[in-house]
Amino acid sequence: MKRRESGKHVGHKRVIPLGLSAVMLGSALSSTGAFAAPPTKNHVKKVEVHVLDDAQATAASAPKGATEVTVALTGTPTYTARVDAGRVIVDINDSDVDSAVTALTAPVGVVGGVLAQVAESGGAKLTRVSIALVKDATYRVRVDGNTLKVWLSGDAAKPTKGKGPKITDVSYVHGDGQDRVVVKLSSAPVFATAPATGNKARLELPLAELPSDLERTLDVGAFKGLLASVSSFKKGDSVVLEADRASEATAEVKVENKDDGTAVLVWTFTKPGYVPLIDPKNSKVTGIGADGKPAKKTKTIATEKPMVVEQDDSASAFLSSVPMQAVGTGKYSGKRIDLDFKDADIHNILRLLAEVGKVNIVTADDVSGSITIKMKNVPWDQALDVVLQAKGLGMVRSGNLIRVAKAEALEKEREMAIAKKKQELELAPIETRLIPVSYATAAELAAKAEELKSPRGKITIDERTNVLIVRDVAANLDQIEALVHSLDTQTPEVLVEARIVEATSRYLRDVGIQWGGDMTMSAATGNPTGLAFPSRIGLVGGASDQQTPTAGLSPLTNAIPNPNFAVNLPAAAGTGSGGALGLALGSINDIVNLNVRLSAAETSGMLRIISSPRILTLDNREATISQGTLIPFSQISAQGVQTTFQEAKLALTVKPHVTADGSVAMHVKINRDEPDFNQTSARGDPTILKRQAETDLLVPDGATVVIGGIYTRNTGRNLDQVPFFGSIPIIGILFQRRRASDTRSELVIFLTPRIVNRAEALGK
């Protein structure tokens, strides 16, 4: 891989701290201390393809009839291998291809062609060997000295000798947009993908060994990823890995061979459209959103550069590489040495350290004196630090040279270099640049860019064209322009939709009875009592009045226009409600009359109201939408009658904020008020039924959540009866009126936010 040196970039030069530079420089110097070229990379010299005969296959423990692809290099290769779209791809790290290597296009065995080319991954160069297949095949990769061999077989591809690799672990790794099954083995495996059955993907490892404790099924459905379960079990001489995957997931197999001879097989399942963000410095995946889409990420748009001077003929040119490193800091990794000297000249000690560390050390004329030192098993670069600290010396590095001088002299040279650089900055030409602003306002960005301009810079605004006019040196102009371009993006627009669902059910039942009549015993009716007192008796029901409902009853005689009820407990039956049945019984001479009226009413109903306000607004901007009516109310005071208006409306007020991962945090307030004319004041003014919810919440883009709800239930039972008689079992129903009611209401509020311009505002 590309050498990653520990240090800083200053301009176009590379700075290497002392603790690490000694090792790097030591490997680049010859035994005489002269500077040598850095070590060359691994080079691919030749690529060949041929079919192994039985004897060659047996000697190499390769499958019989296998096709062998050999890649010859100048050094021992490290590699990774995988299968992709009918090809076997082998990436050889830290290598390139010799210009004499040509592509092989003639089919040989199962190989249709081989192409070796230089590629990059995470900022490091590598050689990618792409092997096209003419039919399905399995492969094995081996390293033999400086040669990499790939065996491909179109049949079972099982080794003819020995046992297969042993599986030491099967694990599951969940990620955003990607799930992986990681299999650790004792050696490089042979594998073949079996045809998928439904949503089950299968991978077979011929002749592999699977311990009994790994013969299991991992239930990974709780992770809500692309896989529901991963099973590993034996099937004949093979080990089968079976994954229950989502139908849209795509699978890829990759094998990485370790330096200790072990191997790791990674079975990756990827969500369509998943594009990870790769950090080029460390090749790590970063910034993946909750839904698999890239989220906002941090971005460096300006970095202050240290004061440096270019190489020239002045004595301060040695400072052009790095500032002087503090003695005694950093890590030491130089060759360990033993030192035991008494009153040794400092120049001889420095010459010895230069010889051991294979570096070039130049001392100033004012470096002198002797030193007594005794060290054992100490890195030479640490010994150099200690010696310089003891004598009050410092050092600077320029390329492959280390210059040693008095610390005061080096500090003075450094100050001179800084002063010279400042003078160059003060004399640098001023440029004027017009920076257009599209989505933000120029005034807002001008305030933020003010901190990046130099003392000589100036920022003005043209409000008509929304343009920043910036005058400054070129370096500061680049930083200001990068800042403006990073901040001048589309503001996310959020569409917030609320649904207010109200459901009301009502049930009412009322059962009542009315009965009564009259009886007469007198000489006029021919049935006197035969007594002096009372000589006649009249018995009449007395529970009747002018409002008593008598519909359904016909008087037996014109003398009885209104039945005389003894029990008058009717149900509320009438026009549009319930029903009644009347019964009149009487004697032929009207001596005894009986009237009975049964009434009953039952009511049930359901009401459902759905309100759906929605509004579109910018990120961090409050928005309101409402619909309703103004209800007049009269108020009497000393000034007379005054009319005020009370608002009854449906309203949605929301202030959203789009988070870095693409979710929406918002403060929301929902009102649904309506007048109730069934409940009025003494002057007939209606009451107002209020329903309101106010909360703060975080919702994924496009998701629907229930932010609240209210459920109420009112039940009632009423019994009107004649005392004593109404409590008699069975007969008591003739003296009762029964009423029952059940009213239920439910209020549920749903909320759905959607980022309308997600791709433009959050970045693809």
Side-chain angles (χ1 to χ4, degrees), residues 1 78-84 89 91 93 121-122 124 141 165-194 196 199-205 208-233 239-295 297 661-662 700:
M1 295 177 63
T78 59
Y79 69 93
T80 59
R82 67 183 189 276
V83 177
D84 183 15
I89 299 177
D91 291 338
N93 302 325
S121 176
V141 184
K166 181 179 180 180
I167 297 176
T168 59
D169 186 40
V170 178
S171 59
Y172 166 81
V173 180
H174 172 64
D176 290 327
Q178 273 190 343
D179 285 357
R180 293 179 294 163
V181 179
V182 181
V183 183
K184 296 182 180 180
L185 305 103
S186 60
S187 61
V190 175
F191 68 89
T193 56
N199 290 337
K200 293 187 180 295
R202 293 168 63 94
L203 188 67
E204 295 186 6
L205 306 177
E209 298 181 26
L210 182 68
S212 58
D213 58 332
L214 294 180
E215 193 168 356
R216 62 192 181 187
T217 297
L218 300 176
D219 185 359
V220 296
F223 290 94
K224 306 294 184 182
L226 298 174
L227 300 183
S229 63
V230 178
S231 302
S232 53
F233 54 89
V239 173
V240 177
L241 300 176
E242 188 175 79
D244 189 358
R245 62 175 179 177
S247 58
E248 71 275 9
T250 58
E252 180 186 17
V253 182
K254 182 177 180 181
V255 177
E256 181 178 355
N257 294 275
K258 302 295 185 180
D259 295 337
D260 58 358
T262 61
V264 176
L265 183 147
V266 181
W267 197 9
T268 304
F269 296 86
T270 306
K271 180 179 180 181
Y274 171 79
V275 181
L277 300 179
I278 305 298
D279 185 349
K281 294 184 178 180
N282 52 22
S283 298
K284 292 183 178 180
V285 178
T286 59
I288 304 302
D291 57 353
K293 300 179 181 179
K297 58 185 183 299
D661 63 351

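Only heavy atoms go into these numbers, but all of them, side chains included; no hydrogens, no water, no symmetry mates.
- With a 4.5 Å cut-off on side-chain heavy atoms, Val255 and Val141 do not count as touching.
- Interatomic distance, OG of Ser186 versus CD1 of Ile167, reported as 9.0 Å (0.5 Å rounding).
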Arg216 and Leu214: side chain to side chain contact (heavy atoms under 4.5 Å, CB included), yes or no, with the steps? CA-CA 6 Å; Arg216 62 192 181 187; Leu214 294 180; 3.8 Å; yes
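- Taking CG from Leu210 and NZ from Lys166, the interatomic distance works out to 10.0 Å, rounded to the nearest 0.5 Å.
- Here CD of Glu204 is found 9.5 Å from CG of Leu241. Values are rounded to the nearest 0.5 Å.
- Summarising the geometry, atom CD belonging to Glu256 is positioned 9.0 Å from atom OG1 belonging to Thr78; distances are rounded to the nearest 0.5 Å.
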Dump the intermediate steps for side chain to side chain contact (heavy atoms under 4.5 Å, CB included) on Gln178 and Thr268, then the final yes or no. CA-CA 7 Å; Gln178 273 190 343; Thr268 304; 3.9 Å; yes
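- The shortest distance between side-chain heavy atoms of Leu203 and Val183 does not fall below 4.5 Å.
- With contacts defined as side-chain heavy-atom distances shorter than 4.5 Å, the pair Val220/Asp179 does not qualify.
- Ala201 approaches Phe269 most closely through the heavy-atom pair CB-CE2, 4.1 Å.
- The shortest non-hydrogen separation linking Asn199 to Ser247 is OD1-CB, 3.6 Å.
- Residue-environment remark: CZ (Phe233) exceeds the threshold of 12 foreign heavy atoms within 6.0 Å.
- Between Pro165 and Ser187, the shortest heavy-atom contact is CB-OG, 3.2 Å.
- Atom-to-atom distance recorded for Asp244:CG and Leu227:CG is 8.0 Å, nearest 0.5 angstrom.
- Taking all atoms of both residues into account, the shortest heavy-atom contact from Leu226 to Lys271 is CD1-N, 3.5 Å.
- Side-chain atoms of Val181 and Val170, non-hydrogen and from C-beta on, do get closer than 4.5 Å to each other.
- How far OG1 of Thr270 is from CD of Glu252: 7.0 Å, rounded to the nearest 0.5 Å.
- Of all heavy-atom pairs between Glu242 and Trp267, the closest is N-CZ3, 4.4 Å.
- You'll find the side chain of Val240 reaches within 4.5 Å of the side chain of Arg202, heavy atoms only.
- When all heavy atoms of Ala228 and Asp219 are compared, the closest pair comes out as O-OD1, 3.4 Å.
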